[in-house]
**Student:** 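Sharing a structure, written as structure tokens. Questions coming.
The residues of the chain are indexed from 1 along the displayed sequence.
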Amino acid sequence: MVFQELKETWRNETWFISSIKKRTSHPSYLKIIGLGLPALPSIFAELRREPDYWFLALEAITREDPAPDAESMEQLISVWLAWANEHGY
């Protein structure tokens, strides 16, 4: 599956980078965004299973930001998973 390959490459090549900007500008992350709406089920499954910084990809794909005032990763996860449930993901 394309998503799984891109995710593994992204994680393997960026797990040690503390800069979110650098992690989310990695070519594999950008290719995941390029997958568009079909990537959403996989991203939400990852967010449920092994949280990571998927929020920029989710905003880019959905063109929504349901958590503009979130103050923690836990809040972002909670709001995005509620969004996923409301939209059938």
**Student:** Q4: what forms a side chain to side chain donor-acceptor pair (under 3.5 Å) with it, not counting sequence neighbours?
**Tutor:** K7
**Student:** For E74, give me all partners under salt bridge (charged side-chain N to carboxylate O under 4.0 Å, His left out), at least two apart in sequence or on another chain.
**Tutor:** none
**Student:** Cut-off 3.5 Å, no hydrogens considered: what does the side-chain donor-acceptor table look like for residues 25-33, sequence neighbours left out?
**Tutor:**
{"from": "S25", "atom 1": "OG", "to": "K21", "atom 2": "O", "distance (Å)": "3.0"}
{"from": "S25", "atom 1": "OG", "to": "K22", "atom 2": "O", "distance (Å)": "3.2"}
{"from": "H26", "atom 1": "ND1", "to": "S28", "atom 2": "N", "distance (Å)": "3.0"}
{"from": "H26", "atom 1": "NE2", "to": "E13", "atom 2": "OE1", "distance (Å)": "2.7"}
{"from": "Y29", "atom 1": "OH", "to": "Y53", "atom 2": "O", "distance (Å)": "3.0"}
{"from": "Y29", "atom 1": "OH", "to": "A57", "atom 2": "N", "distance (Å)": "3.0"}

**Student:** Given side chains that start at C-beta, do those of L40 and L58 come closer than 4.5 Å, heavy atoms only?
**Tutor:** yes
**Student:** So which pairs with a foot in residues 79-88 pass side chain to side chain donor-acceptor pair (under 3.5 Å), sequence neighbours left out?
**Tutor:**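 Passing the test, one end in residues 79-88: R48-N85, E64-W83.
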**Student:** Taking all non-hydrogen atoms of both residues, which atom of P51 and which atom of I77 are closest, and how far apart?
**Tutor:** CB-CD1, 3.5 Å
**Student:** Can you check whether I17 reaches T14 side chain to side chain, under 4.5 Å on heavy atoms?
**Tutor:** yes
**Student:** Side chains of L56 and I20, heavy atoms from C-beta outward: is any pair under 4.5 Å?
**Tutor:** no
**Student:** I'd like to check the side chain to side chain donor-acceptor pair (under 3.5 Å) partners of D69; sequence neighbours left out, ordered by chain and number.
**Tutor:**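 Applying side chain to side chain donor-acceptor pair (under 3.5 Å) to D69 gives none.
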**Student:** For a ring pair (Phe, Tyr, Trp, His ring centres under 6.0 Å) check, start with the C-alpha distance between W54 and W10, then their side-chain angles and the critical distance, and finish with the verdict.
**Tutor:** CA-CA 11 Å; W54 290 110; W10 173 63; 4.9 Å; yes
**Student:** In this structure, would F55 and W15 fall into the same cluster of hydrophobic residues linked by side-chain contacts under 4.5 Å?
**Tutor:**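 Different hydrophobic clusters.
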**Student:** What are the two closest heavy atoms between A39 and L35, and how far apart are they?
**Tutor:**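 So the minimum-distance heavy-atom pair works out to CB-CB, 3.8 Å.
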**Student:** Excluding sequence neighbours, so at least two apart, what forms side chain to side chain donor-acceptor pair (under 3.5 Å) with Q75?
**Tutor:** none
**Student:** For E8, which residues count as a side chain to side chain donor-acceptor pair (under 3.5 Å) partner, sequence neighbours excluded?
**Tutor:** none
**Student:** List in chain and number order the residues that pass salt bridge (charged side-chain N to carboxylate O under 4.0 Å, His left out) with R63, two or more places apart in sequence or in another chain; answer none if no residue qualifies.
**Tutor:** none
**Student:** In terms of hydrophobic clustering (I, L, V, M, F, W, Y; side-chain heavy atoms under 4.5 Å; direct or indirect links), are M73 and F16 co-clustered?
**Tutor:**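 No, because M73 and F16 fall into different hydrophobic clusters, even though each may have its own neighbours under 4.5 Å.
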**Student:** Of all residues at least two apart in sequence or in a different chain, which pass the salt bridge (charged side-chain N to carboxylate O under 4.0 Å, His left out) check with R11?
**Tutor:**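 Checked R11 against salt bridge (charged side-chain N to carboxylate O under 4.0 Å, His left out); matches are E46, E50, D52.
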**Student:** By the rule that ILVMFWY residues connect when side-chain heavy atoms come within less than 4.5 angstrom, directly or transitively, which residues belong alongside V79?
**Tutor:** none
**Student:** Once side-chain contact (heavy atoms from CB on, under 4.5 Å) is applied, do any residues pair with P41, and if so which ones, sequence neighbours excluded?
**Tutor:** Y89
